[in-house]
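Bear in mind that the values here come from a model prediction, so they are computed numbers and not experimental data.
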Amino acid sequence: QVQLVESGGGLVQAGGSLRLSCAASGRTFSNYAMGWFRQAPGKEREFVAAISWSGSFTYYVDSVKGRFTISRDNAKNTVYLQMNSLKPEDTAVYYCAARWRMVVTTPQYDYWGRGTQVTVSS
């Protein structure tokens with residue numbers, strides 16, 4: 001089992017920044033690829049970013065490229081999502097997820113956190 005707890009969400013004005021954190025516990029964190037997803041009201045859960053278990057490879061949905069950065073610190077069992085130049089359309093609940101070894105951009109992850117709300121006002 002891997003337990004994931006997100007933090008860092010909140011209310012921010014358009015153009016502002018937030019950094020989300022996801023703390024993992026349980027199994028060996030460095031064995032897992034990590035992903036961030038988001039879900040806005042009335043919409044399906046959407047892939048945002050992912051990072052390989054080593055941190056060598058990262059992936060982003062087109063709408064956040066150049067604005068969001070995913071990173072991980074395996075010594076701290078934590079993955080981060082730095083979000084800059086936020087837009088109202090980024091408003092959603094953000095979830096982190098863990099998947100054994102292989103990184104994917106679909107929701108086929110093994111473990112999920114409960115999410116953290118991000119609200120961007122115009």
Side-chain angles (χ1 to χ4, degrees):
Q1 287 283 344
V2 175
Q3 292 78 42
L4 303 172
V5 179
E6 303 96 336
S7 62
L11 173 64
V12 63
Q13 288 188 335
S17 298
L18 284 173
R19 188 175 83 153
L20 304 184
S21 299
C22 174
S25 60
R27 301 283 179 88
T28 304
F29 178 70
S30 58
N31 285 332
Y32 288 84
M34 300 297 296
W36 285 98
F37 291 77
R38 64 188 179 187
Q39 188 166 18
K43 295 188 177 181
E44 293 187 353
R45 191 167 296 190
E46 173 190 35
F47 167 77
V48 176
I51 188 166
S52 61
W53 61 270
S54 66
S56 298
F57 302 98
T58 57
Y59 307 85
Y60 299 93
V61 67
D62 286 347
S63 61
V64 309
K65 285 180 180 177
R67 300 189 298 123
F68 290 12
T69 303
I70 188 171
S71 61
R72 67 188 296 160
D73 185 337
N74 286 346
K76 295 183 178 180
N77 291 354
T78 302
V79 63
Y80 305 97
L81 185 68
Q82 178 66 45
M83 306 187 294
N84 299 328
S85 302
L86 282 161
K87 304 176 181 180
E89 51 263 44
D90 295 318
T91 295
V93 177
Y94 283 70
Y95 299 89
C96 75
R99 179 186 168 101
W100 174 258
R101 284 297 187 175
M102 183 182 296
V103 61
V104 297
T105 61
T106 58
Q108 278 71 45
Y109 279 70
D110 302 312
Y111 302 100
W112 292 83
R114 293 190 173 185
T116 185
Q117 176 70 46
V118 171
T119 303
V120 184
S121 63
S122 57

Between [X] and [Y], which heavy-atom pair has the shortest distance, and what is it?
X    : Y    : result
A33  : Y109 : O-CE2, 4.0 Å
A40  : A92  : N-CB, 3.8 Å
Y80  : D73  : CE1-CB, 4.1 Å
Q108 : V104 : O-CG2, 3.9 Å
A98  : V2   : CB-CG1, 4.5 Å

Would you compute the distance between atom [atom1] of [X] and atom [atom2] of [Y] and round it to the nearest 0.5 angstrom?
X    : Y    : atom1 : atom2 : value
S25  : Q3   : OG    : CD    : 4.0 Å
L86  : S121 : CG    : OG    : 10.0 Å
T105 : Y59  : OG1   : OH    : 9.0 Å
E89  : R38  : CD    : CZ    : 8.0 Å
C22  : R72  : SG    : CZ    : 10.0 Å

Does any N or O in the side chain of [X] come within less than 3.5 Å of the main-chain N or O of [Y], such that one atom is a donor and the other an acceptor?
X    : Y    : value
R19  : Q82  : no
D110 : W100 : yes
Y60  : I70  : yes
T28  : S30  : no
E6   : T116 : no
T78  : K76  : yes
S52  : F57  : yes
Y94  : S7   : no

Exercise. Side chains of R67 and S85: does their closest heavy-atom pair fall under 4.5 Å?
Worked result: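 Touching, per the 4.5 Å side-chain cut-off.
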For this session: Measure the shortest side-chain to side-chain distance between V118 and L20 over non-hydrogen atoms and say whether it is less than 4.5 angstrom.
Result: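 The answer is yes, as the side chains (C-beta and beyond) meet within the 4.5 Å cut-off.
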Exercise. Can W112 be reached from W53 by stepping across I, L, V, M, F, W or Y side chains whose heavy atoms are under 4.5 Å apart?
Worked result: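 Per the 4.5 Å side-chain linkage, W53 and W112 are not co-clustered.
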Exercise. Going only through I, L, V, M, F, W and Y residues with side-chain contacts under 4.5 Å, is there a path from V48 to V120?
Worked result: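 Per the 4.5 Å side-chain linkage, V48 and V120 are co-clustered.
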For this session: Please assess L81 against T69 for the test side chain to side chain contact (heavy atoms under 4.5 Å, CB included), listing each intermediate value before the final yes or no.
Result: CA-CA 6 Å; L81 185 68; T69 303; over 6 Å; no
Problem set entry | Enclosure of R101 CZ (heavy-atom neighbours >12, cutoff 6.0 Å) |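 Correct, the count exceeds 12.
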Exercise. Does the pair N84 and S17 meet the rule for a side chain to side chain donor-acceptor pair (under 3.5 Å), with working shown?
Worked result: CA-CA 4 Å; N84 299 328; S17 298; 2.9 Å; yes
Exercise. Are any of the side-chain nitrogens in K87 or D90 under 4.0 Å away from the carboxylate oxygens of its partner?
Worked result: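 Here K87 does not pair with D90 in a salt bridge, since their nearest N and O are not under 4.0 Å apart.
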Exercise. Listed by chain and number, what are the ring pair (Phe, Tyr, Trp, His ring centres under 6.0 Å) partners of F47, not counting sequence neighbours?
Worked result: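 Scan of F47 (ring pair (Phe, Tyr, Trp, His ring centres under 6.0 Å), adjacent residues dropped) gives F37.
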Problem set entry | R99 charged N/C atom sitting above Y32 aromatic ring, 6.0 Å / 45° |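 No, R99 and Y32 do not form such a contact.
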For this session: Evaluate side chain to side chain contact (heavy atoms under 4.5 Å, CB included) for M34 paired with L4, printing each intermediate quantity in order.
Result: CA-CA 10 Å; M34 300 297 296; L4 303 172; 3.9 Å; yes
Exercise. So, W36 versus Y95, ring centres under 6.0 angstrom or not?
Worked result: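 Ring centres of Y95 and W36 not closer than 6.0 Å.
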